Amino acid sequence: MSDPSSPARTTPVCTAAVIPAAGRGVRLGPGTPKALRTLGGTPMLVHAVRAMAASRAVSHIVVVAPPDGPEEVRRLLDAHPLADRTELVVVPGGATRQESVRLGLAALPDGIDVVLVHDAARPLVPVDTVDAVIAAVRAGAPAVVPALPLADTVKQVEPQPQGTPEPVVGTPERALLRAVQTPQGFDPATLLKAHDTVVEGEGATDDAGLVERLGVPVVLVPGHEEAFKVTRPLDLVLAEAVLARRRATDGYV
């Protein structure tokens, strides 16, 4: 992908979304990869793709499939077509999330002014949240993350083997903490530099963390309670309830 900040660019600006979906999701139990588990009869990945395509600013979506499963993912997505205004590409992923996102970025066309990176396991993020992230990047922020205040007190501990009591070593001030969500939005050149510069395994657990390692400012916008991550079986129950309400009241499909 070429540098979208180049003054020589003549392609109309547009937003692209990269959705890494190569993980196995072991905490949901054995079987189908997490992104392909069904929610209301439809794979979570399809819901996540639709959530990005719901924003009229998003014209390109790259889904990063398991390394051995791009054909299966392509067939699945073809069975749930999007509006013609959204171009959808499926590429094989890598062994890690960072590698998968990097491969997704490599598949983007020129002329992108905002790149979103969205978890396939956050299938129900509202379009207003997506649009708020895009707007903040277009307003000049190089990296934007939706986030929510914490409801629970958080303890810092000295980690112990699973099942062993863990000593508390501190209690961070809750008012200063936020729980981050996706999609995270970026100036494309900034995100590319972060992926090219930050060594895998240096402690960053999301793409904004990679950007932080560059010393580039990251800003937060309000997230949404329905943008939660489906990680454990109870999350799936909650997602089914949210989806049922949307279908009953909003005509959601």
Side-chain angles (χ1 to χ4, degrees), residues 13-20 39 44-45 47-59 61 86 97 101 112-154 171-188 190-191 194 204-232 234-252:
V13 295
C14 54
T15 294
V18 175
I19 304 179
L39 175 60
M44 280 201 292
L45 176 59
H47 287 290
V49 169
R50 287 174 174 173
M52 297 299 99
S55 171
R56 298 196 65 83
V58 176
S59 58
I61 298 175
T86 306
R97 185 184 186 280
V101 173
I112 301 298
D113 70 326
V114 178
V115 175
L116 303 176
V117 181
H118 183 56
D119 294 332
R122 296 184 190 271
L124 299 176
V125 57
V127 67
D128 288 350
T129 302
V130 180
D131 287 340
V133 171
I134 296 169
V137 178
R138 287 184 171 170
V144 179
V145 179
L148 292 175
L150 297 184
D152 298 320
T153 296
V154 175
T171 304
E173 186 177 346
R174 187 173 62 185
L176 301 179
L177 302 176
R178 298 291 182 269
V180 302
Q181 301 175 327
T182 69
Q184 299 183 353
F186 304 91
D187 163 71
T190 299
L191 185 58
T205 57
D206 63 356
D207 294 274
L210 299 179
V211 172
E212 289 176 49
R213 296 291 179 121
L214 299 179
V216 174
V218 176
V219 301
L220 304 183
V221 296
H224 196 281
E225 290 181 349
E226 293 181 3
F228 61 90
K229 191 172 186 178
V230 178
T231 302
R232 297 175 175 84
L234 184 59
D235 300 325
L236 196 55
V237 173
L238 178 58
E240 291 280 4
V242 172
L243 182 59
R245 178 191 56 75
R246 286 188 182 183
R247 286 175 169 171
T249 61
D250 304 334
Y252 185 86

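Heads up: numbering here begins at 1 and tracks the sequence. Side-chain atoms are counted along with the backbone in the values below, which use heavy atoms only and exclude waters and symmetry mates. In this text, all values refer to a predicted model and were calculated from it rather than measured experimentally.
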Problem set entry | Counterpart residues, side-chain hydrogen bond (donor to acceptor under 3.5 Å, both in side chains), relative to Q181 (two or more places apart) |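 In terms of side-chain hydrogen bond (donor to acceptor under 3.5 Å, both in side chains), with neighbours along the sequence ignored, Q181 is linked to no residue.
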Problem set entry | side-chain hydrogen bond (donor to acceptor under 3.5 Å, both in side chains) against R56, all qualifying residues, sequence neighbours excluded | none
Please report the shortest heavy-atom distance between [X] and [Y], naming the atom on each side.
X: T190; Y: L214; result: O-CD1, 4.0 Å
X: P183; Y: V133; result: O-CG2, 3.5 Å
X: A48; Y: A120; result: CB-O, 3.7 Å
X: D187; Y: V137; result: N-CG1, 3.8 Å
X: P142; Y: P217; result: CG-O, 3.5 Å

Exercise. Is D131 salt-bridged to R138, cutoff N-O under 4.0 Å?
Worked result: no
For this session: May I ask you to test the V117-L191 pair for a side-chain heavy-atom distance under 4.5 Å?
Result: yes
Roughly how far, to the nearest 0.5 Å, is [atom2] of [Y] from [atom1] of [X]?
X: T182; Y: L116; atom1: OG1; atom2: CG; answer: 9.5 Å
X: C14; Y: I112; atom1: SG; atom2: CD1; answer: 3.5 Å
X: E226; Y: R245; atom1: CD; atom2: CZ; answer: 4.5 Å
X: L243; Y: D250; atom1: CG; atom2: CG; answer: 10.5 Å
X: T205; Y: R97; atom1: OG1; atom2: CZ; answer: 8.5 Å
X: L177; Y: L148; atom1: CG; atom2: CG; answer: 13.0 Å

Problem set entry | Qualifying residues under side-chain contact (heavy atoms from CB on, under 4.5 Å), relative to A132, sequence neighbours excluded | none
Problem set entry | Residues in side-chain contact (heavy atoms from CB on, under 4.5 Å) contact with T153, at least two apart in sequence or another chain | K155, T171, R174
For this session: Please report the C-alpha distance between L238 and D235 in whole Å, then the side-chain angles of each, then the deciding distance to 0.1 Å, and finally whether the side chain to side chain contact (heavy atoms under 4.5 Å, CB included) criterion is met.
Result: CA-CA 5 Å; L238 178 58; D235 300 325; 5.6 Å; no
Exercise. Which residue, T86, V130, V18, T15, forms the side chain to side chain contact (heavy atoms under 4.5 Å, CB included) with M52?
Worked result: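 Result for side chain to side chain contact (heavy atoms under 4.5 Å, CB included) with M52: V130.
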For this session: Kindly write out the residues that satisfy salt bridge (charged side-chain N to carboxylate O under 4.0 Å, His left out) with R178, not counting sequence neighbours, or none if the list is empty.
Result: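 Residues passing salt bridge (charged side-chain N to carboxylate O under 4.0 Å, His left out) with R178: none at all.
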Please tabulate, one pair per line, all N/O donor-acceptor pairs under 3.5 Å involving side-chain atoms of residues 121-128, not counting sequence neighbours.
unit_1	atom_1	unit_2	atom_2	d
R122	NE	D119	OD2	3.1
R122	NH1	A227	O	2.9

